[in-house]
Participant: 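After the structure tokens below, expect a handful of questions from me.
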Amino acid sequence: MNENQNRQPLVRMVNIHKWFGRVYALRGVDFEVGQGETVGLIGDNGAGKSTLIKILSGYHRADRGEIYFEEHKVNITSPRDSRRLGIETVYQEQALAGDLSIARNIFMGREPVKNLGILDRKKMDEESMKALEELGLHLKSPNLPVKTLSGGERQGVAISRALLFEAKLIIMDEPTVALSVKEVREVLEFIRKLQKERIAVIFITHNLYHVFDVADRFVVMARGKKMADVKKEEISLDELSELVVKSALVE
Amino acid sequence: MKNSSESKFFTYRVINTLIMFIALVIVFSLFTPRNIFISVRNLASLGKLVPDLGVVALGIGILMVCGEFDLSISSTLPLCSYIFASALFGGLSPVWGFVLALLSGLALGFINGLIVVKTRMPSFIITLGTMMFWKGILYVWSRMMPTSIRTFIPTDSLFQKVLTGSIGPFFPVQTIWFVAFAIVLGIILHFHRFGNWIYATGDNQEAARAMGINTNLVKIICFMIVGVLCAFAGCMQSVRLGSFAATQGVGSELRAMAACVIGGTSLRGGIGSMMGVFLGILTLHILDNGLVLMRVPVFGVNAFIGLATIFFVLLNSYLDRKIK
């Protein structure tokens with residue numbers, strides 16, 4: 001992909017620091033995502049990748065550092081702020097409410113309403129089915145409880161939520177963890193669909209094999225620092241895997 | 001089962017409760033002495049009694065869907081009733097006394113909710129604490145003396161008629177209040193945006209928070225709904241009895257919870273329906289009433305309510321596993 005080189009940056013996080021009490025979780029991290037780019041964010045547990053992303057999605061606040069969105073400095077203080085910018089986060093399993101229907105999950109917190117706050121169910125049902133089809137998911141009814149779906153389908157529901165609200169950047173926190181091989185393939189297919197829609201993706205994982213196929217660039221983190229930032233055409237899977245192991249061992 | 005529209009309204013949980021309800025009505029109609037169960041007099045007295053607990057239990061149903069409990073209702077209810085009585089003695093008109101009681105109920109609910117969300121402790125424990133605290137305050141303040149309010153609210157005054165009168169020779173107004181509350185709360189829970197927030201909060205609080213729902217506010221509002229319903233029920237009951245009694249609401253916290261469980265509400269939150277809670281309340285009461293009419297000793301009736309509660313918990317968890 002030649003367009004990679006001169007993409008406009010969509011998000012730029014500059015010199016981000018974060019302490020949790022006495023734990024120095026992020027030690028001055030710079031992180032960037034281009035328009036429509038897919039970035040694989042890799043690192044061991046406790047490397048700081050989730051913390052970094054939670055700052056971007058408004059769940060935590062950085063103690064120091066700046067965030068620029070489309071080259072404007074922004075102040076993200078809550079998940080709402082982040083979503084208003086067009087950043088959607090698909091959390092690990094916890095993103096959905098199992099007993100609620102697909103439509104109610106997709107519109108959770110942003111329900112379309114008629115007068116007096118009464119839900120516009122027709123709109124909820126139709127638009128959720130449309131968004132799911134865009135991802136290539138054909139489910140029987142928008143009223144099925146989410147817990148009756150497979151792991152891959154659930155990720156699809158969470159991602160279609162982001163699609164529906166015209167996200168510019170979708171953050172996926174370990175989207176393939178605890179999924180079967182077939183379901184992983186489904187999720188990777190969702191990501192390809194997002195790429196076609198020119199939606200940027202941050203794919204957080206510690207599984208290199210899942211991310212290598214789909215990502216344009218890789219950022220490796222360890223102990224609160226960025227250890228490497230490489231384009232896919234500059235590295236092979238083996239080199240990347242060696243890089244990850246090495247950066248985990250460096251003191 | 002059809003899973004298209006309005007799926008939450010008639011789930012298998014509601015159907016179970018409905019079957020139990022209908023079965024009990026048939027059994028009691030046939031087997032109570034002289035079929036007294038379906039006599040107009042018995043039904044009218046049920047129509048007066050059921051709403052006392054019922055109105056409160058509707059709120060508890062909503063609170064349980066959002067994942068919390070309130071044991072303090074057995075104190076909130078008589079406390080608000082006493083505030084109402086005191087306001088009357090203090091010279092307030094019944095309407096203003098009533099408003100004051102409702103506001104007190106809201107405030108008590110707010111306090112419960114605030115403590116629960118700020119401390120993040122189980123509401124079971126927090127409201128056990130507030131129950132005992134307010135009960136102590138009430139007992140000292142009222143000296144546990146029944147206080148007649150009949151002089152302030154004479155029978156056949158407009159206030160009495162609106163709250164506890166009857167339409168025609170016997171149809172009690174309380175029943176209309178009860179059904180009206182059930183409908184309004186049902187609309188909120190099932191058709192309103194706020195209802196979706198309640199379900200989301202009870203089902204997966206982290207997800208709800210990540211989706212921008214203020215789950216703390218949702219919980220506090222649910223506690224306030226319970227508080228104001230307690231105040232309403234407390235005043236309604238004291239007007240019916242013509243007096244405040246410190247024993248109002250005794251045992252209501254557990255009976256309300258039992259009614260919700262019989263109606264298919266989950267103890268873990270996120271599952272339950274207004275129709276279920278409504279039927280659960282009716283089922284609990286006719287079980288009570290029918291057994292007494294069949295000469296089961298009054299205090300023995302609890303044994304059956306206990307069995308029914310356990311039965312529904314087991315039945316619903318069994319069906320959940322099977323359907324999953």
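The figures that follow rest on heavy atoms only: side chains count, while hydrogens, waters and symmetry mates do not.
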Participant: Of the listed residues (Ile188(B), Ile213(B), Asn196(B)), which shares the most heavy-atom pairs with chain A below a 4.5 Å separation?
Facilitator: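 Most heavy-atom pairs under 4.5 Å with chain A: Asn196(B).
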Participant: Taking atom CZ as the centre, does Phe110(B) end up with more than 12 heavy-atom neighbours from other residues, nucleotides or ligands that are less than 6.0 angstrom away?
Facilitator: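 12 or below, so no.
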Participant: Quick one: do Ile118(A) and Ile187(B) satisfy side-chain contact (heavy atoms from CB on, under 4.5 Å)? Show the steps, please.
Facilitator: CA-CA 8 Å; Ile118(A) 299 294; Ile187(B) 288 173; 3.8 Å; yes
Participant: Who passes side-chain hydrogen bond (donor to acceptor under 3.5 Å, both in side chains) against Ser57(A), sequence neighbours left out?
Facilitator: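 Ser57(A): side-chain hydrogen bond (donor to acceptor under 3.5 Å, both in side chains) contacts with Tyr91(A).
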Participant: Any heavy-atom pair between the side chains of Met211(B) and Arg161(A) that's under 4.5 Å?
Facilitator: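 Counting from C-beta outward, Arg161(A) and Met211(B) do come under 4.5 Å.
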Participant: Counting distance only, does the side-chain N/O of Arg193(B) pair as donor-acceptor with the main-chain N or O of Val113(A) below 3.5 Å?
Facilitator: no
Participant: Can you say whether Thr89(A) sits under 4.5 Å from chain B via the side chain, the backbone, both, or neither, judging by heavy atoms?
Facilitator: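 Just its backbone gets close to chain B.
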Participant: Ignoring hydrogens, what is the shortest heavy-atom contact between Ala210(B) and Pro79(A)? Give both atom names and the distance.
Facilitator: O-CB, 3.7 Å
Participant: Kindly indicate, with the supporting measurements, whether the criterion side-chain contact (heavy atoms from CB on, under 4.5 Å) is fulfilled by Trp197(B) and Met108(A).
Facilitator: CA-CA 7 Å; Trp197(B) 298 353; Met108(A) 190 192 288; 5.8 Å; no
Participant: Heavy-atom count around Arg192(A) CZ within 6.0 Å, excluding the residue itself: above 12?
Facilitator: yes
Participant: If you draw a 6.0 Å radius around CG in Leu314(B), do more than 12 non-hydrogen atoms from other residues or ligands fall strictly inside?
Facilitator: yes
Participant: Given the rule in the side-chain contact (heavy atoms from CB on, under 4.5 Å) test, do Phe191(B) and Leu119(A) qualify, once you have shown the distances and angles that lead to the verdict?
Facilitator: CA-CA 6 Å; Phe191(B) 299 101; Leu119(A) 297 173; 5.7 Å; no
Participant: Tell me, please, which residues at least two apart from Tyr68(A) pass ring-ring contact (aromatic ring centres under 6.0 Å, His included).
Facilitator: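 Tyr68(A) satisfies ring-ring contact (aromatic ring centres under 6.0 Å, His included) with no other residue.
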Participant: Which residues pass the ring-ring contact (aromatic ring centres under 6.0 Å, His included) test with Phe312(B), sequence neighbours left out?
Facilitator: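 Residues passing ring-ring contact (aromatic ring centres under 6.0 Å, His included) with Phe312(B): none at all.
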Participant: Just to be sure I understand the criterion: a residue of residues 126-135 of chain A counts if one of its heavy atoms is under 4.5 Å from a heavy atom of chain B. Which ones qualify?
Facilitator: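 Expected list: none.
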Participant: For the NZ atom on Lys123(A), are there more than 12 heavy atoms of other groups (residues, nucleotides or ligands in this structure) within a distance under 6.0 Å?
Facilitator: no
Participant: Heavy-atom count check: over 12 atoms from other residues, nucleotides or ligands less than 6.0 Å from Arg110(A) CZ?
Facilitator: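 Atom CZ in Arg110(A) is packed in, count exceeds 12.
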Participant: Is Asp99(A) reaching over with its side chain to a backbone N or O of Ile271(B), donor-acceptor style, under 3.5 angstrom?
Facilitator: no
Participant: Under 3.5 Å, is there a donor-acceptor pair between the side chain of Asp203(B) and the main chain of Gly98(A)?
Facilitator: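 At least one qualifying donor-acceptor pair exists.
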